[in-house]
Every structure is written in C-alpha cells, then in structure tokens.
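This report concerns only the one structure given below.
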Amino acid sequence: MLQFYNSLTRKKEDFIPIIEGKVSLYTCGPTVYDTAHIGNFRTFLFEDFLKRVLVARGFEVYHVMNITDVDDKTIKKSMTEGKPLSEITDYYTDLFKKDLSSLKIIQADVYPAATKHVDAMVKMIQKLIDKNHAYVTKDGSVFFSIKSYKNYGALMRINMDATRHSDRVSSDEYSLDNPQDFALWKAYKEEDGDVSWDSPWGKGRPGWHMECSAMSMAYLGDHFDIHCGGVDNKFPHHENEIAQSVCAVDTPFVNFWLHSEFLLVDGGKMSKSLGNFYCISDLIEKDFTAEEIRYILLNGHYRTKINFTLEKHHEAKVSIRRIQELQSRLKEMNSEICDGFPTEMEQFNIALENDLDSPNALAVFFEWIRNANSKLDKKAFTESDVSEGLNFIAYFDSIYGILPKAGFAPKDVIDLVGEREDARQNKDWEKSDKIRDQILEKGWIVKDKINGPKLTPK
Ligand code: AMP
Ligand code: ZN
C-alpha cells in the first residue's frame, strides 16, 4: 500500500485517491521574477519523483503547477527594470520551463498563470465576503477574518486563542484591527505602477494565497488529492489557502499535504556573497549533466534536509556509470525478452511505497547491481536473469530518470561514431575501420547492430 506522510495529520497514511485510479495533484510553482535556483528545483524534483512513482503504480495523474506572475516581487522587478510586468514574467517563465525540461522533469498538464485567473479570484473573494469570512477595509483591500474559521492553524498546529492578541503570527503589511488577518485582495498603491485589475472593491490585485486557492480549485475542483510545496510554504501560504478554500465552498479542500525539506549548500543557506548560489545553468557550465543533478537531489529523503556540494559530482558520475555498465553487460548478452523482474524489485517498491523512501530504494537497487555483477562474473546469469535485469533497470529509470538517453559516451566519441556511419554509408571501409580503432583507443567498442551502432565501454 502506498503511504505518504500527511503534513496535516502528521502521520503516514494509506494513499487512497478520491476517484479510483486517478490522482489530482497541485504543486506550488515558481514566482517568476528571477531564475529558479537548485533549492527550488529540489522541491520541483521531489514533486516529479512523487508523480513518477504514482504513474509507475498505475495511477493516472492530472498535475497542475501555477505560475505566480503577479506579487510584490514580480512588480518590484518590473519597476526597477522599467519593463512591463509581462515582459519580466514571460522571460522567467520561459527560462523556468527550459530548466524543467533540461532536468527531465515531466511536464505538468497545465501551468496556469495568476494574471489569467483574476476573475476566478474575485468571485471567490466575493463569496467569502458574502459568507462573512472576509471584510473590506477603508482603502478597498479585502481581508480574511481568521476568527471566522475555527480550524485556522490546523496545519501548523497553532493555537489561535493563545496568539490571538499577540503579533506572533505574521501580520500583513496593511494595518488591521486583527493583525492575524491576511489579505485576499490588495488595494492599488502607487508602487504597483500599471499593475491592477478592477474589482467590486476598486482597483487592486489578488493576494498570493488567493492565487493558489482559486487556480487549484479551477482546475482540480473544490476537493482534490494532493497539494505539495517546500516546507516554507506551509505557513502562512498553505494554512491560509486551506482557510479561504474551505470557507468558500464548505467542503474539505485537500486530502494529502506533502512538503519537502530545504536544500542546503555547503552545509548552510545558499548565498550569492559566498559564491555558492547555483542555478541549473551554473551547474551545467560546471559540466554537471541533468542526470547527475537529479541523482544528487533525489539521493536524500524528501523530508530531510539535503546538503549540496560540488564534490558530490564525482559520486553521482560513478553511481550512474555503475548502472550503465551493468546495462551494457546485459545488453551485450542479447537474451530473449521476457516480462519478469528480479525479486529485489519488491524491496525497491516497498521502499518507495513507504513515503517515497528514495535513499532506501537506491540502496536496494545498488545492492542488486553489486550482486548481479558478481553473478555475471561467475557466469551464473540465466537468459531470464538478463532480461529481468534489463526490465528492472528500465523500471528504475522510469522513476529516477538518471540514465542519459543518448548513450553515455563522451561527445568526441559520439562524433566519431557519426563520422564512421558516414564512411560506411559511402562504403569507405578503410576509413570506417580506422575510425573504429580511434574509438577503441578512446576506450569504447562500437558494434554494428540491425538498429544502428552500439557503444560499450572497453
Ligand atoms: P518560490 O519561487 O520562492 O515561490 O519557490 C518555489 C518553490 O521552491 C516553493 O515550493 C519553495 O518552498 C521551494 N524552495 C525555495 N527555496 C528552497 C530551498 N532552499 N530548498 C528547497 N525548496 C525551496
Ligand atoms: Zn501556492
């Protein structure tokens, strides 16, 4: 049984979707005012991992990831750069999507942008006002009244009675009678430049929490299966989302809340001044491949902090290489194709079913690799062992996505293979043999199979 740790109940629970066989998934997306960093991608990769495990288990997943393209930060950036908001947010949205695909993150079904859903937000805010869960302030802002929702604080286990008359819960920048109330709609201020929408309460823009409630419900319905984000999103963002969504529709909002822990760099917070603030492009410049980044970021449990260091590059390379070498050995054996899997796959699945225990699943997989290699050395691998082994590697990679598609030979070797193919097309056998020797000198064997040339390490 698939189990996830639900941040709301603080327990591991059996995962049963609302509609059998289908999963509705909402993940908080980026605020597109700057390039996303590897900390953000730790969270996005965890969500990709979750989705891949669900798909491998046969679920049909409908995934929504929002794009926060209007908030204080995006507006500030557009003002300081003197560019229209959409120019800034389009640029960073494109960059974000390029990084997602370069990291082999499976695309969401839809990436709704907040600015395209303001109508839905206005409707939801009006509903909350009509039901006395929200009120309009003098300047034309709208606030959610925390005291109108008795379960406020359930996600963070905050006792609102104890905090009600203090300022421990962060208050919004707009001054209020009750400092804990949060903004659903922010009245227009000069700093907003030309960013505003009309509403029944005057010109303004939606609050960030409202964006996620309205967009998740627009695409997934009032009540859906899983909502994810990084731990920093728990409060106030998700706590506020729950309050306003539940009060607007009077149904439960989300069944499972999953939060991933932070990524540290060199043991601390990543920082530009320390020179260890990395975006995906920075790592690619340092010769990291997407697969190596995936390996490093998935090599820790999502609920524990992981520490990124450049030194982990080597370990990632070696680990991926071990898988590829076994895969090559097995492919070389050209066995009959069968459907089965090695018995170790059961342990692998059990680890994943246990709240996505990625490090444990990796340990099971690498132990299997070690045993498989020693069995191969002893020539104790049967035809079906070979085929089952290849199936296990393919299954593993459908979840981890850490095996490069285009072979793993260095670029110069791949280029030589291309040149050799040209020579063979021209029936220049002498040249083709010469290139084969050059490839061999570089440590690779090229063999001509029916479906094209195959490279294996010497
Ligand atoms: P933002 O663009 O700031 O809204 O962040 C996008 C996602 O990245 C959110 O789910 C955050 O919780 C997550 N996030 C931000 N910083 C980190 C970090 N250092 N480690 C892991 N996740 C992070
Ligand atoms: Zn959100």
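Along the sequence shown, residues carry numbers from 1. Every value quoted in this text rests on a predicted model; they were computed, and no experiment measured them. Both ligands and their constituent atoms are indexed starting at 1 by order of listing.
At a threshold of 2.8 Å, the Zn ion (ligand 2) has no backbone or side-chain N, O or S atom of H209 nearer than that distance.
Enumerated by chain and number, the residues approaching ligand 1 to less than 4.0 Å through a heavy atom are G29, P30, T31, H37, G39, N40, T43, F44, G229, G230, D232, N233, E261, F262, L263.
Using cut-offs of 30° and 60° for the angle between ring planes, the F348 and Y395 rings count as perpendicular. Ring geometry, F365 versus F392: the interplanar angle exceeds 60°, so the pair is classed perpendicular (tilted spans 30 to 60°). Relative ring orientation between F235 and Y152 is described as perpendicular, the plane-to-plane angle rising above 60° on a 0-90° scale split at 30° and 60°.
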Just do the salt bridge (Lys or Arg N to Asp or Glu O under 4.0 Å) check on R321 and E325 with the steps written out, would you?
CA-CA 6 Å; R321 183 104 185 181; E325 281 169 0; 3.2 Å; yes
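For residues 91-115, every residue pair satisfying the salt bridge (charged side-chain N to carboxylate O under 4.0 Å, His left out) rule, not counting sequence neighbours, is listed here: K104-E291.
Counted by atom type alone, N373 and R329 present one or more donor-acceptor pairs between their side chains at under 3.5 Å.
The environment of CD in Q107 is sparse: at most 12 heavy-atom neighbours from other residues, nucleotides or ligands sit within 6.0 Å.
Vertex the Zn ion (ligand 2), arms ending at NE2 of H237 and SG of C28: the angle is 120° after rounding to 10 degrees.
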